[in-house]
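Taking it in order: structure first as structure tokens, then the write-up.
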Amino acid sequence: MAPLKYLEQEYPILDSNFRNFCATHGIFSEEDLLLHDLHVLVAFAEQQSTSERLKQGITQVLSIIDGQHQPWLNGMELLEDAQLNKHVLSTGCEGIDLLLQGGLRMGQLTELVGASSSGKTQVCLLATSNVAKKHMDGVVYLDTGNSFSPQRVIDFIRQNPDPAIDQAKHRILQKVMNRILCHSVFDIFTMFDVLHQLEVNLRSQKGDCQVRLLIVDSISSLVTPILGGGGSQGHALMTSAGFLLKKLAHEHNLVVLVTNHTVGGEGGISKPALGESWKSIPHVRLRLSHDQGSSIYNVSVLKHPSMASGKAARFTIYD
Amino acid sequence: MEVGRLPISASQRGKLISAGYTTLSSLSSLSPSDLALGAQTAWDMLHEDEMFPRITTSCLDLDNVLGGGINCKEVTEIGGVPGIGKTQLGIQLAVNVQIPVDYGGLGAKAIYIDTEGSFMVERVLQIAEACIEDMTECNGLLRKDFQAGQLKMHPNNILENIFYFRVCSYTEQIALTNYLDKFISEHKDVKVVIVDSVTFHFRQDFDDMALRTRLLSGIALKLMKLAKEHGLAVVLLNQVTTKYIEGSFQLTLALGDSWSHSCTNRVILYWNGNERYAYIDKSPSLRSASAPYSVTSKGIRNSASNCKRIRMM
């Protein structure tokens, strides 16, 4: 929270007279005002000659502070919001959709965990093509490993031939592909910049199509270089990233999909990377694995807000 | 945006927070940065891909499973047991990237980072001469009208266009990775960076495994960025180790699980009887397949066996 003097520009009532009054009580920033006893302050303000303006000033600062937190919601409002806004997006893969009771839910952060070459990027590309083609919504793809393959997305689009599409093939393909925006990010600060810019764009509703799917492939490669070591900044950045993604998902009704890799755990059993702090951040965690040499993949639920963990399914991704 | 998310040192952050500035908006008026520069639509990317030819490996079967060759703008990891031909493949790529555009190549230069000391100049000369011979033969066969039979390249030119770096410790390796960006900005015609091998200095005497993971993921991100920004191919050669998976010891690539996610494509070289095979282990757009190849005095070439079919897995 800012010192009071920087609020004057926007709120002229917080002039130097008001600030001097506050200073006599040791209040220099919004935080200090919160910690102070307001009744006492108002009583002192009444004794001043400019009591009306001072009381207006206090009310103004309190309303600024009020505007900085999320509004209170009751259960009915949350239910209404869930029913109206937080629908389910199909991933384009029947096996996963069946397991997740329809698909990926808006407003939730879904994590795909798996060893190398277990199909995480393939599922991301499949979901991208499905959202852009069937749902006709925008997709923002943050790629950290140069793995975004436009050719593969086209393969997926062409897999389910739609007679309507075949007719004006080239033009429609171009429209579908133009809904997919791919950013290459190679460090976590760039990712924050991109997400921040996305937030601004979503608030001002710029662009011709509504963004519905945000993919970060993979978030673990951005976090691993800074996690651990001496300081705790790595952990702070990781949890901060998680919160930002969840906030974007909730406020703008997005599906957020991130991928994570596995590391060796005790007894040679692999476990998801990024540690214990990250475990509680995603809403839904799915584990992927791949049978060597075949096109059959296994997916199992590690964590889900409304389903038992351990449920599994198999699906195929065709070449 | 919270101050905690800014790339500043901890002491600066502490000072900002104690002065009461916890959000960026409290410091100045928000000005949206122009980040549209970094984004591309999938349609643009598709058409850009067509502009970047692939680097051939001189082995037709291997090129076919790789979709034409090693792709620019991607990091490809190639690993295998000692003696399978990793360094040979690295040298072949360093020579092949220089094939002129008229002959279907990139006409570019190469950077070769040697960590093991296995770069033999005499062998490079041999491979370069064989490459020029092949090109002249191809020229003769197709009877090109322009410059009939006249190839301006000389093996010495090929040697001149390979920038060689020798690193002797992991700190040198990291320093070189940081320096590459500047070097490549000054030598814009470099189109392939080969690291032989990326493992060597990270295997012995590394006490702090967590530090190793952090350093390696940092290197991986920098190489990815290099590949993307300069549109070049990065080829990392890796060694193998044994790992206890599912009750038995199996051969896997070195440097651990976290490193296995640091490449775009992975190719594993292995022995099948007396033949050398290459297997596509990881790729976002290529299907898993293996192809035979051989190492001859001319470099990497097609396998000489009768059975030339590519085995699809």
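Chain letters run A, B, ... following the sequence lines, proteins first, then strands; residues in each count from 1.
With a 4.5 Å cut-off on side-chain heavy atoms, Met45(B) and Phe148(A) count as touching. Under the 4.5 Å side-chain criterion, counting only non-hydrogen atoms from C-beta, Phe186(A) is in contact with Lys228(B). With contacts defined as side-chain heavy-atom distances shorter than 4.5 Å, the pair Thr213(B)/Thr224(A) qualifies. In this structure, the side chains of His261(A) and Ser258(B) come closer than 4.5 Å at one or more pairs of heavy atoms.
For a residue to count as touching a neighbouring chain, one of its non-hydrogen atoms must lie under 4.5 Å from one of that chain's; by this rule Ile154(A) touches chain B with the side chain only. For Leu237(A), the part lying near chain B is the side chain, with the backbone staying farther off; criterion is any non-hydrogen pair under 4.5 Å. With a 4.5 angstrom heavy-atom cutoff, Ser116(A) touches chain B via backbone and side-chain atoms both. With a threshold of 4.5 angstrom between heavy atoms, Val263(A) approaches chain B through its backbone and through its side chain. Neither the backbone nor the side chain of Lys175(A) comes within contact range of chain B; no heavy atom of the residue lies under 4.5 Å from a heavy atom of that chain. Looking at Leu46(B), the atoms closer than 4.5 Å to chain A (heavy atoms on both sides) sit in the backbone and in the side chain alike. Of the atoms belonging to Ser262(B), not a single heavy atom falls under 4.5 Å from chain A.
The greatest number of non-hydrogen atom pairs below 4.5 Å with chain B, out of Val153(A), Asn178(A), Val139(A), is found for Asn178(A). Of the listed residues (Lys222(B), Lys282(B), Met224(B)), the greatest number of heavy-atom pairs within a distance under 4.5 Å of chain A belongs to Met224(B). Chosen from Thr121(A), Leu244(A), Asp32(A), the residue pairing most often with chain B at heavy-atom distances under 4.5 Å is Leu244(A). Interface check for chain B: of the options Leu125(A), Leu198(A), Leu181(A), the most heavy-atom pairs under 4.5 Å are formed by Leu181(A). With chain B as the partner, the residue from Gln174(A), Arg152(A), Gln151(A) showing the most heavy-atom pairs under 4.5 Å is Gln174(A).
Judged purely by atom type and a 3.5 angstrom limit, Thr41(B) has no side-chain atom pairing as donor or acceptor with the backbone of Ile180(A). Checked by atom type and distance alone, the side chain of Gln122(A) pairs as donor or acceptor with a backbone atom of Pro284(B) at under 3.5 Å. A donor-acceptor pair under 3.5 Å is formed between the side chain of Ser117(A) and the backbone N or O of Asp281(B). Under the 3.5 Å distance criterion, the side-chain polar atoms of Asn146(A) are matched with a main-chain donor or acceptor of Lys73(B).
The line from CZ of Arg214(B) to CD1 of Ile226(A) is 10.5 Å long, rounded to the nearest 0.5 Å. To the nearest 0.5 Å, the span separating CG on Asp44(B) from SG on Cys182(A) amounts to 11.0 Å. Put simply, CD on Glu74(B) and OG on Ser147(A) are 7.5 Å apart, with the number rounded to the nearest 0.5 Å.
Residues His261(B) and Ala115(A) approach most closely at CE1-C, 3.6 Å, considering heavy atoms.
Around atom NZ of Lys246(A), more than 12 heavy atoms belonging to other residues, nucleotides or ligands sit under 6.0 Å away.
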